[in-house]
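Working notes for the structure below.
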Amino acid sequence: MGLSVVRRHCIALLILASFAGANTAHAKESPASAKVLVLGDSLSAEYGLKRGTGWVALMEQRMATDKVAATVVNASISGDTTSGGRSRLPALLAQHKPTVVVIELGGNDALRGLPLSMTQDNLLAMTQAAQASGAKVLLAGMQVPPNYGQDYTKRFSETFSTVAKTTKAALVPFLLKGVADVPNAAALFQADRIHPKEEAHPTILNTMWPAIKNLLR
């Protein structure tokens, strides 16, 4: 093989290599699919339900049906409080690098009689931490029964809207809208009257999904 042929062969290989490198670099720069992190309590952790029937699992199915390119990480733990979520969130953000963080916590704070100021401070800290990581945040609001007293009931509900307004986070005012506030509500809850039955979770998803889908755009 002549020297000129060898040179042409080497040049051709270099050109191919440069194209391959450019394609690899382009692939690395391509954005990954979106990821939704759900940080919640038993209402999102399928307490008392068959696996795969809670609203978070149903959301994954809805994403597939609607061809939404996103994955879901359900980091919900039954019994968790806003303090527990606040302590767990940094590691979850570092590990999963979510696009959207859904914070569904606060109900257990009320059940345990924890100070509303603590609940609000924890929700605020979680929202700000998630936003600082580059994620969009959706707060799932909760309401307590009237037997807690009119003043407490009002202030508890306002805790979520206050944090959302302060941080400009998205808000679903009441996670259990259409479940806990309907005439036949008792029939939609498990025996403990706290956790919705399986048949109520499609309604919960319908309440949450428009806000989540909007944040994924």
Side-chain angles (χ1 to χ4, degrees), residues 36 38-50 52-62 66 72 74 76-82 85 100-120 122-124 126-127 137-167 169-215:
V36 179
V38 180
L39 184 67
D41 52 33
S42 55
L43 297 177
S44 299
E46 297 186 326
Y47 178 88
L49 303 177
K50 181 175 62 180
T53 61
W55 77 267
V56 180
L58 295 178
M59 177 171 65
E60 293 186 85
Q61 298 172 27
R62 179 71 62 85
D66 291 1
V72 179
N74 191 352
S76 302
I77 297 177
S78 294
D80 205 7
T81 61
T82 57
V100 174
V101 175
V102 178
I103 300 175
E104 182 276 297
L105 291 168
N108 288 316
D109 291 41
L111 290 174
R112 299 184 184 189
L114 300 177
L116 284 177
S117 58
M118 177 187 295
T119 299
Q120 182 167 311
N122 287 334
L123 289 171
L124 180 63
M126 285 187 285
T127 301
V137 176
L138 172 63
L139 291 167
M142 184 51 59
Q143 296 178 14
V144 293
N147 61 299
Y148 277 75
Q150 184 176 356
D151 179 63
Y152 182 90
T153 299
K154 181 175 181 293
R155 289 191 297 119
F156 181 80
S157 178
E158 290 176 348
T159 296
F160 299 91
S161 58
T162 297
V163 173
K165 183 177 181 180
T166 300
T167 60
L171 172 69
V172 169
F174 187 27
L175 176 74
L176 299 182
K177 180 177 175 59
V179 177
D181 57 355
V182 295
N184 64 328
L188 296 174
F189 282 82
Q190 298 176 39
D192 60 12
R193 298 185 179 182
I194 295 175
H195 299 95
K197 292 179 178 178
E198 178 181 325
E199 53 264 37
H201 280 260
T203 300
I204 298 174
L205 174 62
N206 288 337
T207 297
M208 296 293 292
W209 179 236
I212 295 172
K213 188 175 183 179
N214 184 58
L215 293 179

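Put simply, OG1 on T167 and CG on L123 are 9.5 Å apart, with the number rounded to the nearest 0.5 Å. Taking OH of Y47 as the start and CD1 of I194 as the end, the distance is 8.5 Å to the nearest 0.5 Å. E198 contributes atom CD, which lies 10.0 Å from atom CD of Q190 (distance to the nearest 0.5 angstrom). To the nearest 0.5 angstrom, E60 atom CD is 10.5 Å from W55 atom CH2. Distance check, rounded to the nearest 0.5 Å: CG of D80 to OG of S42 gives 9.5 Å. Taking CD of Q143 as the reference point, atom CD of E158 lies at 11.0 Å (rounded to 0.5 Å).
Under the 4.5 Å side-chain criterion, counting only non-hydrogen atoms from C-beta, L58 is not in contact with W209. With a 4.5 Å cut-off on side-chain heavy atoms, L105 and T81 do not count as touching. A heavy-atom distance below 4.5 Å is not found between the side chains of V137 and M126. Two residues are said to be in side-chain contact when any heavy atoms from C-beta on lie closer than 4.5 Å; M142 and L43 meet this criterion. Counting heavy atoms from C-beta on, the side chains of P146 and T153 never come closer than 4.5 Å. Contact check for L175 versus M208: side-chain heavy atoms found under the 4.5 Å cut-off. A heavy-atom distance below 4.5 Å is found between the side chains of Y148 and L111.
The side chain to side chain donor-acceptor pair (under 3.5 Å) search around T127 returns none, not counting sequence neighbours. In this structure F156 satisfies the ring-ring contact (aromatic ring centres under 6.0 Å, His included) test together with F160, sequence neighbours excluded.
Here the closest non-hydrogen pair linking A187 and E199 is O-OE2, 4.3 Å. Here the shortest heavy-atom pairing between S76 and D41 reads CB-O, 3.6 Å. Listed here is the closest heavy atom pair of K197 and F189: CE-O, 3.0 Å. Scanning all heavy atoms of the two residues, the minimum distance from S161 to L171 falls at CA-CD2, 3.7 Å. Shown here for L205 and P210, the closest heavy-atom pair between the two residues is O-CD, 4.4 Å. Scanning all heavy atoms of the two residues, the minimum distance from S78 to A45 falls at OG-CB, 3.9 Å.
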Side chain to side chain contact (heavy atoms under 4.5 Å, CB included) between N122 and M118: does it pass, once the steps are laid out? CA-CA 6 Å; N122 287 334; M118 177 187 295; 3.6 Å; yes

Would you check, one step at a time, whether the test side chain to side chain contact (heavy atoms under 4.5 Å, CB included) holds for D181 with L176? CA-CA 8 Å; D181 57 355; L176 299 182; over 6 Å; no

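No option in V56, V102, V101 other than V102 meets the side chain to side chain contact (heavy atoms under 4.5 Å, CB included) test with V36.
A donor-acceptor pair under 3.5 Å is absent between the side-chain atoms of Q120 and the main chain of V163, judged by distance alone.
Screening residues 101-110 for side-chain hydrogen bond (donor to acceptor under 3.5 Å, both in side chains), with sequence neighbours left out, gives S44-E104, T82-D109, D109-T119.
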